[in-house]
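Here is how names work: the chains are called A, B, and so on, in the same order as the sequence lines, proteins then strands, and each is numbered from 1. Atoms considered below: every heavy atom in the structure, side chains included; atoms not considered: hydrogens, waters and symmetry mates.
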Protein chains: 2
Amino acid sequence: MTSNTAGGPSRRERMRAETIAEIKASARGQLLQHGPSGISLRAIAREVGVTPAALYRYFDSLDALLIQLVCDLYDELIAATRAAMDEAPPEAHLDRMKAWVWAFRAWSVGNRREFELMISYPEGNSAMSICADPKTIDSLEFDAVTLKSMEHAQLCGRELAQFYRQTEGEGFEFGSVTLPEMSDGLQQELIESCSLMIIGERLPVSWVFAFTSAWVRVFGLVTMEAFGSLPVQNNIDEFYKAQIKSMLRDFGMEQ
Amino acid sequence: MTSNTAGGPSRRERMRAETIAEIKASARGQLLQHGPSGISLRAIAREVGVTPAALYRYFDSLDALLIQLVCDLYDELIAATRAAMDEAPPEAHLDRMKAWVWAFRAWSVGNRREFELMISYPEGNSAMSICADPKTIDSLEFDAVTLKSMEHAQLCGRELAQFYRQTEGEGFEFGSVTLPEMSDGLQQELIESCSLMIIGERLPVSWVFAFTSAWVRVFGLVTMEAFGSLPVQNNIDEFYKAQIKSMLRDFGMEQ
DNA sequence: ATTAGTTTGCTAACGGTGTTCACTCTAATA
DNA sequence: TATTAGAGTGAACACCGTTAGCAAACTAAT
């Protein structure tokens with residue numbers, strides 16, 4: 001394939017990658033200007049300076065291009081989130097989880113149109129999904145977008161597992177305080193579908209429930225804020241702080 | 001205008017209303033079959049048996065048609081919710097609020113595509129909004145869709161206000177238990193933008209915070225379930241029940 | 001250096017979309 | 001009955017995503 005002695009990408013491959021980047025950049029520009037449904041293949045071709053048909057040498061369809069774009073955006077979100085988490089020490093798991101929330105929020109609100117595209121693609125999607133069997137996670141059972149969204153959720157999930165392991169020896173008393181009574185079936189599914197699947201480690205039901213509840217709340221918060229339908233407009237930071245406090249209380253923590 | 005002695009709608013008006021209903025029905029059919037973006041003006045015209053241009057006698061544009069459709073869907077959701085609430089006695093405010101949640105969920109999940117259209121329209125929307133100044137609520141500051149979504153939220157909001165009035169005399173002790181510490185600014189805005197604006201009555205901060213928190217949670221739950229990204233798949237009813245219990249605890253209630 | 005093969009881009013076309021305009025016909029009004 | 005407002009048509013415009021066939025350019029191997 002490549003005739004390089006250095007083994008690096010060939011000239012053609014470099015050119016191709018550059019063109020692909022250019023196409024994606026143009027698509028993102030149109031996303032910013034006209035929203036998700038305003039992304040036009042022909043307009044991209046016009047901007048890149050090429051015939052519409054030529055784009056099919058790089059993407060199978062407009063849909064495929066958008067999916068690729070969404071994956072890139074997830075990578076961007078994940079990178080931003082990870083960077084924010086890494087500003088806290090590796091063992092400060094609580095701070096890192098907080099940082100995850102703030103970074104998730106900041107990126108989504110700061111990139112509303114991108115976020116809009118992400119949660120609305122594909123049509124019959126399972127965006128921002130959280131649950132996945134690790135055995136099937138690498139199979140082709142999930143589309144690329146779902147995989148990315150799970151990768152994003154796992155950033156926080158794994159941190160929770162480590163936090164649990166950290167506090168396990170300290171005789172923390174969780175669970176009895178906060179867990180509402182629920183059927184065994186739900187407890188089973190909660191543990192299996194989240195503790196086992198996402199975090200890769202068994203956690204107490206109270207933790208898993210608190211985690212899934214918090215996930216729903218954060219998802220609601222970020223989505224509503226990005227779409228401008230949050231019940232608060234001026235003191236949003238404070239509102240988030242209060243929400244985080246409320247969620248921590250569900251974990252049995254006061255701070 | 002109308003030449004009827006009975007004062008009812010004229011023959012033309014009846015015909016027009018019938019055609020409009022037919023158009024909307026066709027649009028909804030396509031929504032069900034092909035999703036929000038699969039609604040085509042030309043396809044509607046084809047189905048109704050008329051030229052595409054003829055539809056412009058009834059709607060200014062496809063966008064206007066869709067907005068009208070969304071408003072109708074909100075009316076349907078509101079009617080279903082109200083009916084479910086009215087199955088409980090008028091003074092059983094807690095049961096009525098629970099019924100609101102269940103009906104909201106049932107309708108949204110039972111009409112996924114419709115729900116999808118509702119929360120994704122218009123593009124830069126404020127769907128499922130909750131806050132509005134009652135002085136400006138009737139002015140043209142809000143689009144029709146936002147007004148409908150507020151009407152839907154008010155169904156629950158008013159019930160909360162009546163519930164508060166009901167329990168006020170009974171010496172219930174709320175607030176101190178659950179309200180996380182927050183700035184005065186946020187407290188101000190919470191009270192003003194929700195208690196005053198939606199419910200039309202001053203409530204304690206703890207109630208308002210618990211209400212907005214619950215609203216975010218319910219919105220997150222319903223949206224995620226409708227989009228298939230809920231962390232639970234098999235015991236969803238139980239999960240909702242546990243969530244409701246958790247929310248009630250935020251109000252300081254155990255049951 | 002020439003050949004063979006791959007990659008890239010083009011032109012042209014097909015069928016689809018929302019929207020507008022000028023025109024006809026019909027039904028309700030004065 | 002004459003007038004007028006409403007509903008519907010047909011043709012056109014400017015887009016859209018996608019496909020097929022063909023020509024040029026580049027790479028790789030003989």
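- We find that CG of A/D63 is positioned 16 Å from P of D/dC16, with the value rounded to whole Å.
- Comment: A/D86 engages A/R96 in a salt bridge, judged by a side-chain N to carboxylate O separation of less than 4.0 angstrom.
- Between the CG atom of A/D60 and the C1' atom of D/dA20 there is a distance of 16 Å, rounded to whole Å.
- For the pair B/R105 and B/Y240, the cation sits on the ring face: its NZ or CZ lies under 6.0 Å from the ring centre, inside 45° of the axis.
- Sorted by first and then second residue, the side-chain hydrogen bond (donor to acceptor under 3.5 Å, both in side chains) pairs with a member in residues 49-60 of chain A form an empty list; sequence neighbours excluded.
- The closest side-chain donor-acceptor pair between B/Q30 and B/S40, if any, does not fall under 3.5 angstrom.
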> A/N111 and A/L73: side-chain contact (heavy atoms from CB on, under 4.5 Å), yes or no, with the steps?
Replying inline: CA-CA 10 Å; A/N111 303 271; A/L73 293 172; over 6 Å; no
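- Whole-Å rounding puts the B/R14 CZ to D/dG6 P distance at 17 Å.
- Rounded to whole Å, atom P of D/dA12 lies 19 Å from atom OH of B/Y56.
- For the pair A/M15 CE and D/dA24 P, the interatomic distance rounds to 21 Å; values are reported in whole Å.
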>> Within the 4.0 Å limit for protein heavy atoms, which parts of nucleotides 8-17 of chain C are touched? Write it as a string from 5' to 3', B for base, S for sugar-phosphate only, - for none.
In response: BBSB-B---B
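- Regarding A/E13, its CD atom lies at a distance of 11 Å from the P atom of D/dT27, rounded to whole Å.
- Taking atom CG of residue A/L55 and atom P of nucleotide D/dT18, one finds them 10 Å apart after rounding to whole Å.
- In this structure, the CD1 atom of B/I20 is 11 Å from the P atom of D/dG8, given to the nearest Å.
- A tilted orientation is assigned to the rings of B/W215 and B/W100, their planes being inclined by 30° to 60°.
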